[in-house]
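Data first, discussion second: the structure below is written as structure tokens.
Chain A is the first sequence line, chain B the second, and so forth, proteins listed ahead of strands; every chain is numbered from 1.
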Number of protein chains: 2
Amino acid sequence: MELSDRKKKILQIVVDDYIDTAVPVSSKAISEKYMQNVSSATIRAELSALEELGYLTQLHTSSGRVPSAEAYKLYVSDLMVKEHLSKKELDYIKEIFLQKADNIENVFKNAVKVISELSGYTSVAISPTAVEDKLKEIRFFRFREDKALVLIVTELKLLKDNYIDIPKEMTDAQLEEANAFINKLFKEKSFEEICDMEVDFNDSFSGYKTIFVNVIDALKAYFSAKEDSKLMIDGQDKILRHADYLDVDRIKEFLEVVTSKDKLLDILTEDNRALKINVKIGSDGYEKLPKDSSLVSATYTVAGKKIGTYGVIGPSRMDYQKVVAVLENVGRILESILADK
Amino acid sequence: MELSDRKKKILQIVVDDYIDTAVPVSSKAISEKYMQNVSSATIRAELSALEELGYLTQLHTSSGRVPSAEAYKLYVSDLMVKEHLSKKELDYIKEIFLQKADNIENVFKNAVKVISELSGYTSVAISPTAVEDKLKEIRFFRFREDKALVLIVTELKLLKDNYIDIPKEMTDAQLEEANAFINKLFKEKSFEEICDMEVDFNDSFSGYKTIFVNVIDALKAYFSAKEDSKLMIDGQDKILRHADYLDVDRIKEFLEVVTSKDKLLDILTEDNRALKINVKIGSDGYEKLPKDSSLVSATYTVAGKKIGTYGVIGPSRMDYQKVVAVLENVGRILESILADK
DNA sequence: ATTAGCACTCGGGTGCTTAGAGTGCTAACA
DNA sequence: TGTTAGCACTCTAAGCACCCGAGTGCTAAT
């Protein structure tokens with residue numbers, strides 16, 4: 001059922017005011033502060049209807065109204081007036097991204113930091129799904145007689161170190177040769193292609209096969225790992241600045257989610273539909289989120305490839321205007337930085 | 001002034017009991033639970049004296065006694081009965097260190113994780129001061145015409161990626177040559193030695209000098225950086241399991257310190273005397289620590305070289321017996337692992 | 001030196017009251 | 001038919017008086 005214009009306006013007012021003041025919104029407050037042309041009694045009837053429809057709730061009979069999860073979702077998708085960042089804020093974003101933007105790992109870190117700083121909430125991100133990535137170069141460095149460091153460089157310029165065992169009897173020259181061989185073989189290939197590869201080692205030095213298998217294992221570990229480097233968090237302590245987390249139990253619940261990489265990864269990857277801005281609310285089907293907490297996330301792409309999902313996690317009563325503005329702007333700059341790489 | 005044996009015993013009882021129960025300790029409780037041979041009145045006199053000496057405080061006239069910072073320090077250095085870890089716990093430590101112990105970064109991570117898990121508190125660590133480290137190998141990988149990835153491998157097997165600019169007109173072969181040249185020059189050298197180095201470039205390709213300068217810059221960035229990789233934290237959320245952090249302000253203060261790498265680094269590096277186990281208490285000269293919080297740390301060495309400072313941060317009312325036992329055992333295993341590398 | 005006894009203090013919990021905010025409902029009005 | 005003023009009702013939060021119990025310090029006796 002479509003809401004009347006006045007209901008929409010009132011709902012917007014309630015959400016705006018509640019986000020701003022954290023105080024349940026009363027009919028009187030609405031008519032005095034925002035709608036002087038109608039009386040509180042009229043607003044009361046409307047509020048009552050909106051409550052009936054599931055958009056508002058009351059803490060107790062004699063309290064004002066508070067938005068429901070449903071209301072927040074509608075607010076972000078429909079009602080909210082989009083905010084523009086100030087020049088100062090935009091400059092700040094640019095300034096941060098200018099520093100050490102040469103390494104994708106740093107770009108990633110910077111993005112999370114900027115989002116957290118500007119929004120004032122805890123921010124999280126997952127890096128691009130490595131599966132779409134392609135190998136650029138593999139290089140071995142022998143350490144001890146039976147160990148080598150494997151450096152993996154990929155198109156996305158992610159890189160990772162890993163160790164493999166090598167046969168003791170292999171000479172440095174042979175290792176070099178194996179390296180060159182594997183490099184030629186794997187270059188420009190994606191992970192799947194490499195896994196499917198069949199190679200005939202019959203006529204070469206037997207150690208090559210060992211190395212080949214070990215390298216594949218290292219690659220598997222790299223590409224499939226739900227690893228630290230894939231998840232980034234910043235501003236965990238920001239949560240405490242917000243009046244919503246007053247009792248220890250809520251903070252506890254929040255920190256448990258935020259410090260658990262597994263949970264966060266699950267939530268962030270969960271049904272990322274094609275929507276540009278995604279809002280998930282703890283009380284609303286997303287049980288892994290802390291109660292009454294929201295996750296606002298956006299997935300960025302360059303030339304059709306996902307380059308990461310970035311988000312903000314905080315109270316449902318969150319400054320969505322600012323958060324969405326920050327996510328959109330950071331996304332724009334991020335995409336432009338990565339596009340011309 | 002030296003305390004009488006009975007005073008020591010009573011102080012120990014107070015600290016033990018308070019750590020255990022979190023309830024201010026009364027004279028009656030002491031005489032009934034721990035010292036049936038003396039009456040509560042006697043204990044009362046002793047408690048009064050200990051308070052006079054600065055070891056105990058009262059929250060209000062009719063409450064039991066609580067240990068002061070001074071008392072905790074004395075407790076750890078003198079009074080505490082050292083605990084032994086159970087076989088299960090020791091096995092757990094060994095088990096964790098067996099996984100992926102090939103990379104020093106992982107050993108580092110594992111140590112912090114083990115300490116946090118076993119002690120039940122937030123744990124922090126700083127990696128070895130890189131200054132004492134020596135270069136093992138430097139390798140360039142050209143990316144675009146004017147960029148190269150520099151991989152730095154050091155004796156401590158730390159490694160780090162960095163990008164440098166290279167002159168466009170330089171050919172791949174020339175880059176290779178430059179790489180080999182720099183490698184020979186820097187190998188086995190410490191950071192200071194490299195910085196002091198004077199090289200004559202007059203008779204060689206002009207681009208070499210550019211590269212040389214850029215590499216030095218990259219090394220400087222690597223060796224001197226107060227960087228993420230140097231500081232490690234685990235179990236931030238553990239703090240909430242402890243009854244001491246009941247009000248939001250204390251949690252706030254705690255998290256602010258724990259999420260601020262700068263503050264933590266400062267505290268951890270601050271006057272690390274030769275003591276094996278170091279106790280710093282927030283209310284006692286260490287203003288950077290949260291109020292009524294303690295940091296227990298130990299610095300580990302292999303063959304005279306510092307290999308890191310590990311610690312636990314939590315309430316002053318901390319289970320020092322367990323924490324010290326964990327730190328000592330992890331230290332022992334850590335040193336043995338790194339010794340035979 | 002130790003102890004029993006007692007007066008004193010303070011915090012925390014309970015029960016009561018009151019003020020105020022907000023609602024829902026109804027009857028009157030445009 | 002939608003809007004409004006008025007009123008009764010409900011619930012919360014804050015203040016206050018009260019008491020209980022735990023713990024201490026002090027003193028006088030052993």
Side-chain angles (χ1 to χ4, degrees), chain A residues 1-11 13-15 17-18 20-68 71 243-244 246-248, chain B residues 3-11 13-18 20-68 71 243-244 246-247:
Chain A
M1 168 211 168
E2 184 64 13
L3 296 177
S4 72
D5 280 356
R6 193 169 68 179
K7 283 200 178 58
K8 279 189 184 173
K9 187 178 175 193
I10 291 177
L11 191 53
I13 289 173
V14 173
V15 179
D17 194 80
Y18 186 64
D20 190 39
T21 65
V23 173
V25 187
S26 75
S27 55
K28 195 170 149 231
I30 296 176
S31 90
E32 281 178 2
K33 278 209 275 180
Y34 307 98
M35 299 180 81
Q36 286 89 343
N37 51 333
V38 280
S39 78
S40 66
T42 311
I43 308 284
R44 241 173 351 255
E46 294 283 51
L47 290 178
S48 200
L50 283 167
E51 182 168 358
E52 196 68 29
L53 292 166
Y55 291 110
L56 298 175
T57 50
Q58 269 182 302
L59 303 179
H60 51 90
T61 34
S62 71
S63 87
R65 256 72 174 204
V66 165
S68 68
D244 303 79
L246 280 179
D247 67 295
V248 181
Chain B
L3 296 177
S4 71
D5 280 355
R6 192 168 70 180
K7 283 201 177 56
K8 279 189 184 172
K9 187 179 174 192
I10 290 178
L11 190 53
I13 288 173
V14 173
V15 178
D16 272 332
D17 193 81
Y18 185 64
D20 189 38
T21 65
V23 173
V25 187
S26 75
S27 55
K28 195 172 148 228
I30 296 175
S31 89
E32 280 177 4
K33 279 210 276 180
Y34 307 97
M35 300 178 82
Q36 288 89 344
N37 52 333
V38 280
S39 77
S40 65
T42 311
I43 309 285
R44 249 187 328 269
E46 294 283 53
L47 290 178
S48 198
L50 283 166
E51 183 169 358
E52 195 67 31
L53 292 166
Y55 290 111
L56 298 175
T57 48
Q58 269 182 304
L59 303 179
H60 52 97
T61 34
S62 73
S63 87
R65 256 70 176 206
V66 164
S68 68
D244 304 78
L246 281 178
D247 68 295

### Query
How far apart are the closest heavy atoms of B:I43 and B:S31, and which atoms are they?
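For B:I43 versus B:S31, the nearest heavy atoms are CG1-CB, 4.1 Å.
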
### Query
A:D17 and A:Y34: side-chain donor and acceptor closer than 3.5 Å?
yes

Phosphate-side-chain proximity, [X] and [N], N/O vs OP1/OP2 below 4.0 Å:
X	N	answer
B:T61	D:dG23	no
A:S27	C:dT23	yes
A:T42	D:dT4	yes
B:R44	D:dT27	no
A:R65	C:dT23	yes

Rounded to whole Å, how long is the line connecting atom [atom1] of [X] with atom [atom2] of [N]?
X	N	atom1	atom2	value
A:L47	C:dA21	CG	P	18 Å
B:D5	C:dA1	CG	P	16 Å
A:I43	D:dT3	CD1	P	10 Å
B:I30	C:dT3	CD1	P	14 Å
A:N37	D:dG2	CG	C1'	14 Å
A:Q58	D:dC11	CD	C1'	11 Å
B:L56	D:dG23	CG	C1'	15 Å

### Query
Of A:H60 and A:E46, whose closest DNA chain D nucleotide lies nearer the 5' terminus?
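Final value for this comparison: A:E46.
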
### Message
Heavy-atom nearest nucleotide on DNA chain C for A:S62 versus A:A41: which residue maps closer to 5'?
### Response
A:S62

### Message
Counting neighbours of CD on B:Q36 that are heavy atoms of other residues, nucleotides or ligands and sit closer than 6.0 Å, is the number greater than 12?
### Response
yes

### Task
Check every strand shown and say whether B:S40 touches a base, only sugar-phosphate, or nothing at a heavy-atom separation below 4.0 Å.
nothing

### Message
Let's see if you can work this out: which of C:dT23, D:dG23, C:dG24 has an atom nearest to the side-chain heavy atoms of A:S26?
### Response
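Output: C:dT23.
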
### Query
Roughly how far apart are A:I13 CD1 and A:E46 CD, rounded to 0.5 Å?
11.0 Å

